[in-house]
Amino acid sequence: MDHDVLIIGAGSAGLSAALTLGRCRRRVLLADGGAPRNAPSGGVHGFLTRDGVRPAELLRLGHAQLAPYPTVSVQELKITGLDKIADGFRAAGTTSQGHAWVGTARRVLLATGVEDLLPPLPGFRELWGTGVLHCPYCHGYEVRDQPLAVYGRGKAAVGLALLLTNWSQDIVVVTDGPGHLTAYGRQRLRQHRIGLHEEPVAGLVGGAATGLRCIEFTDGTYLERKALFLHPPQEQRSPLAASLGARLNGKGAVWVDKNSQTSVPGLYAAGDTTPGQQQALIAAAEGNKAAICLNEALTKEQVSLPYTAA
Ligand SMILES: Cc1cc2nc3c(=O)[nH]c(=O)nc-3n(C[C@H](O)[C@H](O)[C@H](O)COP(=O)(O)OP(=O)(O)OC[C@H]3O[C@@H](n4cnc5c(N)ncnc54)[C@H](O)[C@@H]3O)c2cc1C
């Protein structure tokens with residue numbers, strides 16, 4: 001086998017796992033396939049000792065701290081195929097120069113993250129991470145006491161609007177068509193003085209420099225807002241887990257056991273790819289945990305091999 005562990009994805013989860021495995025003197029290849037999920041954002045908030053650091057700077061620090069560990073290699077490499085073979089996995093990919101790559105590893109850690117599927121309306125993609133936000137824990141403080149909107153329908157939109165009341169008292173739910181709200185949901189919004197707009201949305205007005213300025217409705221009216229929150233649907237950034245038949249949960253996240261192992265023996269997963277809260281620090285902690293579990297599984301395998309005298 002070329003490597004003890006192939007780590008696919010060099011965001012918070014992958015970098016953290018590589019650090020711990022390097023410290024265990026494991027032969028690791030970290031396949032760095034490109035930008036992390038939060039790349040459009042101006043700062044990573046709530047990350048102990050790094051509150052507000054730019055996403056690219058967090059990754060730069062993560063890479064720099066791998067340098068002292070000689071058994072860790074990092075390669076700009078997108079993994080495109082993964083097969084189970086005796087004693088491990090064979091992976092195929094493409095380097096950043098467009099060259100084909102093939103390698104083998106005893107274990108694989110998927111740290112490939114997720115993709116957010118934004119509404120196909122003008123302004124959502126352009127303002128993603130600045131005026132269009134998904135997480136009050138990541139960005140709520142930066143827009144505290146400002147006029148805010150929640151984009152969504154039904155119970156989920158009501159829940160997100162109520163959650164935001166801790167950051168602002170000026171909140172409007174924008175449902176972009178019939179909101180499918182129950183009488184109880186409408187009552188809860190009224191109780192907390194949260195507005196409701198059920199007109200279809202034409203798009204968002206604003207730009208990189210100004211941020212979000214207003215929401216434009218198809219009837220030609222506008223609503224001034226500083227930020228719009230939504231919980232967009234997600235999909236896995238990589239189909240590798242599904243292609244190996246790994247179990248996914250109802251939301252499409254990669255199921256793992258308490259040792260970070262997927263339902264495919266030897267295939268581990270950490271970070272946003274797996275179920276649960278999605279935060280950079282949590283992803284880093286999950287990467288660290290998966291690395292410990294991987295090292296212990298590899299050690300167990302080694303120490304139970306029959307002894308052969310040289
Ligand atoms: C706009 C925005 C702002 C955010 N702000 C914050 C914040 O302020 N604080 C906070 O804690 N969290 C924040 N988050 C959440 C945070 O970005 C994620 O929780 C975190 O990035 C998850 O880390 P990860 O390593 O699991 O995935 P990612 O950081 O997404 O990294 C996955 C990596 O895998 C790579 N990859 C995917 N497929 C392949 C492949 N086939 N081969 C090789 N590489 C591959 C990707 O290119 C990517 O680099 C934000 C998210 C968004 C969308």
Side-chain angles (χ1 to χ4, degrees), residues 6-19 29-59 62-63 74-82 91-96 101 103 108-118 124-143 227-232 234-244 253-254 256 260 268-291:
L6 167 65
I7 301 174
I8 309 178
S12 294
L15 283 164
S16 169
L19 177 63
L29 177 64
L30 177 60
D32 184 353
R37 181 179 166 214
N38 57 347
S41 174
V44 184
H45 294 104
F47 198 109
L48 182 72
T49 78
R50 292 288 177 273
D51 188 28
V53 68
R54 295 189 75 78
E57 176 61 6
L58 185 69
L59 298 193
H63 279 275
V74 183
Q75 210 174 328
E76 286 182 9
L77 174 64
K78 181 155 184 164
I79 303 295
T80 51
L82 197 56
T94 311
T95 67
S96 53
W101 173 93
V108 170
L109 173 63
L110 289 174
T112 39
V114 293
E115 180 93 39
D116 300 278
L117 307 174
L118 298 174
F124 277 81
R125 177 57 60 192
E126 295 81 348
L127 289 161
W128 179 233
T130 53
V132 176
L133 307 168
H134 75 300
C135 165
Y137 301 100
C138 304
H139 311 288
Y141 193 82
E142 281 61 47
V143 293
L228 176 143
F229 283 81
L230 79 164
H231 280 164
Q234 299 182 333
E235 62 183 24
Q236 289 289 317
R237 193 82 179 265
S238 141
L240 293 169
S243 71
L244 275 174
V254 180
V256 285
S260 312
Y268 289 65
D272 282 6
T273 300
T274 61
Q277 276 87 359
Q278 297 178 338
Q279 291 269 285
L281 189 58
I282 294 175
E286 287 180 6
N288 170 262
K289 179 186 167 194

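All ligand and atom numbering here is 1-based and tracks the order in the structure.
Thr95 pairs by the side-chain contact (heavy atoms from CB on, under 4.5 Å) definition with Gln75, Leu77, Gln97, His99, Trp101, not counting sequence neighbours. Listed by chain and residue number, Ser12, Ser16, Phe47 satisfy the side-chain contact (heavy atoms from CB on, under 4.5 Å) test with Ala284 (two or more places apart in sequence, or in another chain). Residues satisfying the ring pair (Phe, Tyr, Trp, His ring centres under 6.0 Å) criterion with His134, sequence neighbours excluded, are Trp128.
The 4.0 Å heavy-atom shell around ligand 1 contains residues Ile8, Gly9, Ala10, Gly11, Ser12, Ala13, Ala31, Gly33, Gly34, Ala35, Pro36, Arg37, Asn38, Ser41, Gly43, Val44, His45, Leu77, Lys78, Ile79, Ala111, Thr112, Gly113, Asp116, Trp128, Gly129, His134, Cys138, His139, Arg237, Ser238, Gly271, Asp272, Gln278, Gln279, Ala280, Ala283, ordered by chain and number.
Shortest non-hydrogen contact noted between Ala13 and Ala111 is CB-CB, 4.0 Å. Taking both residues in full, the closest heavy atoms of Val254 and Ala269 are given as CG1-CB, 4.1 Å, listed atom of the first, atom of the second, then distance.
Judged purely by atom type and a 3.5 angstrom limit, Glu286 uses its side chain to pair as donor or acceptor with the backbone of Gly271.
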